[in-house]
Enquirer: 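Got a structure here, written out as structure tokens. Questions coming.
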Amino acid sequence: PQRFLGEAATGLATFQDRLVVLCNNSVNSSKTSDYFNFFRASIVTVAADDPVNFITIGGEDDVLRYALTYDRNLVLWGTGQYIVDGRKPFVPGAVSAVRMASVKDALVSPPILGDRFMFYGKTRSDGTGTVHHLQPGRIQEAPETFELSRRLKNYILGDVTEIKVANDPDYLYVRNAGDNYLKTFA
């Protein structure tokens, strides 16, 4: 059953030609190529293009906020980060979202996808902001995260509110709540 009926949606995305609605810790998708149809055609049989509905494994109390397509996978962002394998068909009964990472306080700003990395902002205990990137690790399905702003302790004042990526040349633009300046990482 669709878990978002009567509830507030906490995030939206598209994945493998389906509309994906996030609602708390559940993921609900439409039928393939029919973005506003969230109901099966038959109660008796399950077709490959029927809606896909599931909850995250290991994140039963999490609230999913964002979803990004990264390396053909669907990455779900809440208090934890979860991955749906995009190399397998996204069909009913064959999909799950497992915990990929546990980056705490990574929802200060919406995560954004760059050319090879996912970027996100965090806030230190002293109120200054930080910028991080998540990249594929040496072991498959085990990403690594790095703080890009670790040597710039007071560069970002306050929460990171927005991150934008520009390619050719590669720049990362960061807007924060503490001042009216746009920060640039090259």
Side-chain angles (χ1 to χ4, degrees), residues 1-114 116-123 130 132-147 163:
Q2 294 70 24
R3 298 182 196 286
F4 66 91
L5 297 177
E7 299 283 332
T10 56
L12 292 172
T14 57
F15 183 65
Q16 292 189 6
D17 200 21
R18 297 172 183 262
L19 177 64
V20 176
V21 179
L22 307 176
C23 181
N24 297 322
N25 72 330
S26 69
V27 179
N28 307 274
S29 79
S30 68
K31 292 182 72 135
T32 304
S33 300
D34 193 357
Y35 299 126
F36 298 108
N37 188 350
F38 291 89
F39 299 96
R40 292 178 18 196
S42 170
I43 295 176
V44 179
T45 62
V46 178
D49 70 337
D50 275 348
V52 177
N53 304 301
F54 59 93
I55 61 171
T56 55
I57 297 171
E60 289 75 13
D61 58 346
D62 206 342
V63 177
L64 301 173
R65 299 278 181 203
Y66 306 105
L68 296 173
T69 302
Y70 177 68
D71 191 28
R72 291 187 283 178
N73 301 316
L74 182 66
V75 179
L76 307 168
W77 286 75
T79 306
Q81 294 73 43
Y82 308 88
I83 190 166
V84 176
D85 191 352
R87 290 167 181 81
K88 297 178 182 172
F90 196 74
V91 295
V95 178
S96 63
V98 295
R99 188 175 291 267
M100 175 182 83
S102 294
V103 179
K104 299 287 186 205
D105 305 319
L107 291 177
V108 174
S109 65
I112 189 162
L113 190 62
R116 294 175 308 249
F117 309 113
M118 283 185 286
F119 298 95
Y120 61 95
K122 291 179 68 173
T123 305
T130 62
H132 301 257
H133 78 260
L134 194 69
Q135 70 180 24
R138 293 183 200 115
I139 302 169
Q140 186 177 4
E141 307 297 330
E144 297 173 346
T145 184
F146 296 98
E147 182 182 345
I163 300 172

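Count residues from 1 along the sequence.
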Enquirer: Quick check against the 3.5 Å criterion: does D71 have a side-chain atom that pairs as donor or acceptor with the backbone of N73?
Expert: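 Absent.
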
Enquirer: In this structure, is the centre-to-centre distance between the rings of Y82 and W77 below 6.0 Å?
Expert: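 So the answer is no for these two rings.
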
Enquirer: Does any part of the side chain of I55, heavy atoms only, come nearer than 4.5 Å to the side chain of V27, both counted from C-beta?
Expert: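 No - every pair of side-chain heavy atoms lies 4.5 Å or more apart.
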
Enquirer: For T145 and Y120, test the side chains for any donor-to-acceptor distance below 3.5 angstrom and give the result as yes or no.
Expert: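 Present: a donor and an acceptor within the cut-off.
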
Enquirer: Could you tell me whether D50 and R18 make a salt bridge, using a distance below 4.0 angstrom between a side-chain N and a carboxylate O?
Expert: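 Here D50 does not pair with R18 in a salt bridge, since their nearest N and O are not under 4.0 Å apart.
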
Enquirer: Under 3.5 Å, is there a donor-acceptor pair linking the side chains of D17 and T32?
Expert: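 No - no donor-acceptor pair under 3.5 Å links their side chains.
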
Enquirer: Can a side-chain donor-acceptor contact be found between S30 and N37 if the only test is distance below 3.5 angstrom?
Expert: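 No - no donor-acceptor pair under 3.5 Å links their side chains.
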
Enquirer: Check for a donor-acceptor pair, side chain of S26 on one end and backbone N or O of C23 on the other, with a separation under 3.5 Å.
Expert: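 Confirmed, S26 side chain pairs with C23 backbone.
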
Enquirer: Output yes when a side-chain donor or acceptor of S42 lies under 3.5 Å from a complementary backbone atom of T45, and no otherwise.
Expert: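 Between the backbone of T45 and the side chain of S42 there is a qualifying donor-acceptor contact (under 3.5 Å).
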
Enquirer: How far does CD1 of I57 sit from CD1 of I83, to the nearest 0.5 angstrom?
Expert: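 Here the rounded value is 12.5 Å.
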
Enquirer: Side chains of T130 and T123, heavy atoms from C-beta outward: is any pair under 4.5 Å?
Expert: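 A side-chain contact is absent here, since even the closest heavy-atom pair is not under 4.5 Å.
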
Enquirer: Test your reading of the model: is there a side-chain donor-acceptor pair from T10 to the backbone of L64, 3.5 Å cut-off?
Expert: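 Looks like yes, one N/O pair under 3.5 Å.
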
Enquirer: Any heavy-atom pair between the side chains of M100 and V75 that's under 4.5 Å?
Expert: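 Answer yes - side chains close enough.
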
Enquirer: Find out whether F38 and V21 are in side-chain contact, i.e. whether some heavy atom of one side chain is under 4.5 Å from a heavy atom of the other.
Expert: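 Of all side-chain heavy-atom pairs linking V21 with F38, at least one is under 4.5 Å.
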
Enquirer: Could you walk me through whether R40 and D49 pass salt bridge (charged side-chain N to carboxylate O under 4.0 Å, His left out), step by step?
Expert: CA-CA 9 Å; R40 292 178 18 196; D49 70 337; over 6 Å; no

Enquirer: Between F15 and F90, what is the ring plane arrangement, given parallel below 30°, perpendicular above 60°, and tilted in between?
Expert: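 F15 and F90: perpendicular rings.
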
